[in-house]
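As C-alpha cells, the structure follows; a few thoughts come after it.
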Amino acid sequence: MAKISYREALQRASSLLGAKGLEPESMLYVFLRRKQWDTTQWLLHFSEEIPPADQAQLAADLEALLAFRPAQYLLGYEEFCGHRFKVTEATLIPRPETEELVMAAIDSFPPDQSVRVADIGTGTGAIGLSVKLARPQWQVALTDLSQEALAVAKENAELLGTQVAFYQGDTLEALPPGDVDLLLSNPPYISVAEWDLMDESVRRYEPKTALFAEDEGLAIYRKLAQQAPARLTKDGQVFLEIGFAQGKAVQEMFQAAFPEKEVAILKDLAGQDRIVHVF
C-alpha cells in the first residue's frame with residue numbers, strides 16, 4: 001500500500017462516498033469510533049502515516065459504506081440517551097428524535113412513584129432500557145414480535161447492567177395480565193406506498209417488519225388504541241412516536257379510545273409532529 005497520512009486516506013474515502021451521493025462524513029464517523037479517538041486525538045494524529053492495518057480496515061469499511069450499509073451496523077452499536085446500544089440487522093438503528101420520547105416519558109411521573117412501564121416493539125431496547133436507567137425504581141417490560149430483536153434487547157440490558165422483563169409477542173397481547181401506568185412505543189409506521197421514498201441504506205438493511213405497517217402506516221396504532229383502554233390505569237399515560245404526517249389521525253384514534261383523557265401532539269426539535277401523548 002502507498003504511504004499516505006490518515007487525513008489523505010480519509011479525504012480520498014470521503015470523496016468517493018460524496019461522488020456516489022452518500023454522506024462523506026460517515027467515513028470519518030466510523031474511523032474515529034474504531035480508533036476510539038476524540039476530536040483532539042484526531043487533530044494530533046491526522047498528519048501521521050496511516051499503518052497498513054488501519055488502511056485495510058478503512059478500505060473494508062469504505063466498500064461496505066459504498067454498498068449502502070449503515071455505519072451503525074458496521075460498528076455494531078449506536079449511542080442513545082448517553083448509553084451505547086448494540087445494534088444488528090434484526091433491529092432498527094435508534095434515532096436521535098426518539099430520545100425526545102424518552103425524555104418526555106421519564107418526566108411524566110414523579111421519580112419516586114411506583115410506575116409500571118411497557119415498551120411495545122422494543123427492538124434494541126433503547127426506549128425501555130433508557131427509561132429504566134433513568135428511573136431504576138420503575139418496573140419496565142419490553143416486548144417485541146421478533147425473537148432476534150428481543151435477544152439483542154436482552155444483551156443490551158446485560159451490557160448496561162439493568163434488569164427488566166422481556167416478552168415475545170404482538171403488541172400488548174405479549175404482556176401478562178396486569179395494569180400499565182406508562183405505555184411507550186415507536187411502532188412500525190411507514191406506509192408500504194412510501195417504499196420508494198426511503199433511503200437505500202434503510203431499504204437494504206433495516207428490518208422491514210419494524211418499519212412498515214398496513215393501513216397507510218396506521219395499523220399498529222389502531223391495534224394499540226383498541227387494546228390500551230383495557231390495560232391502562234386511570235391515571236396512565238401513553239407516548240407514541242409517529243410519522244410527521246400522522247399526528248391528526250393517531251390523535252383522533254386515541255381520543256376515541258380515551259374520551260376522558262387529553263391527547264396532544266408533541267413536536268420534535270425540528271418542528272415536526274413526532275409524539276402523540278395521551279394523559
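Just so it is clear, the model here is predicted, and its values are computed rather than measured.
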D61 and F31, any side-chain heavy atoms less than 4.5 Å apart: no

Could you check, using the six-membered ring where one of them is a Trp, whether Y189 and F212 have ring centers closer than 6.0 angstrom? no

Rounded to the nearest 0.5 Å, what separates atom NZ in K86 from atom OG1 in T124? 11.5 Å

Counting N and O atoms only, with roles assigned by atom type, does the side chain of E78 sit under 3.5 Å from a partner on the main chain of F85, one being a donor and the other an acceptor? no

T122-D144 side chain donor-acceptor pair, cut-off 3.5 Å: no

Check whether NZ of the Lys or CZ of the Arg R33 lies under 6.0 Å from the centre of the six-membered ring of Y29 and within 45 degrees of that ring's axis. yes

Okay, side chain of S5, backbone of S47: is any donor-acceptor separation there less than 3.5 Å? no

Would you check if the side chain of D268 reaches a backbone N or O of A270 as a donor-acceptor pair within less than 3.5 Å? yes

Indicate every side-chain donor-acceptor pair of residues 220-229 with a distance under 3.5 Å to a residue at least two apart or in another chain.
| unit_1 | atom_1 | unit_2 | atom_2 | d |
| --- | --- | --- | --- | --- |
| Y221 | OH | E241 | O | 2.5 |
| R222 | NE | D215 | OD2 | 2.8 |
| R222 | NH2 | D215 | OD2 | 2.9 |
| K223 | NZ | D170 | OD2 | 2.7 |
| Q227 | OE1 | T171 | OG1 | 3.1 |
| Q227 | OE1 | L172 | N | 3.1 |
| Q227 | NE2 | T171 | OG1 | 3.0 |
| Q227 | NE2 | E173 | OE2 | 3.3 |

Between F46 and W42, what is the ring plane arrangement, given parallel below 30°, perpendicular above 60°, and tilted in between? tilted

Kindly indicate whether the side chain of V87, heavy atoms from C-beta on, has any atom under 4.5 Å from the side chain of P94. yes

Hey, is CD on Q41 packed in by over 12 heavy atoms from elsewhere, all under 6.0 Å? yes

Between W37 and H45, what is the ring plane arrangement, given parallel below 30°, perpendicular above 60°, and tilted in between? parallel

Could R204 and F68 be counted as a cation-pi pair, given that NZ or CZ must be under 6.0 Å from the ring centre and within 45° of the axis? no

Got more than 12 heavy atoms from elsewhere within 6.0 Å of NZ, K248? no

Counting only heavy atoms from other residues, nucleotides and ligands, does the tally under 6.0 Å from CD of E214 exceed 12? no

Can you see which heavy atom on E23 is nearest to which on S26, and at what distance? O-OG, 2.7 Å

On a heavy-atom basis, the closest approach of V278 and K261 is CG1-CD, 3.7 Å

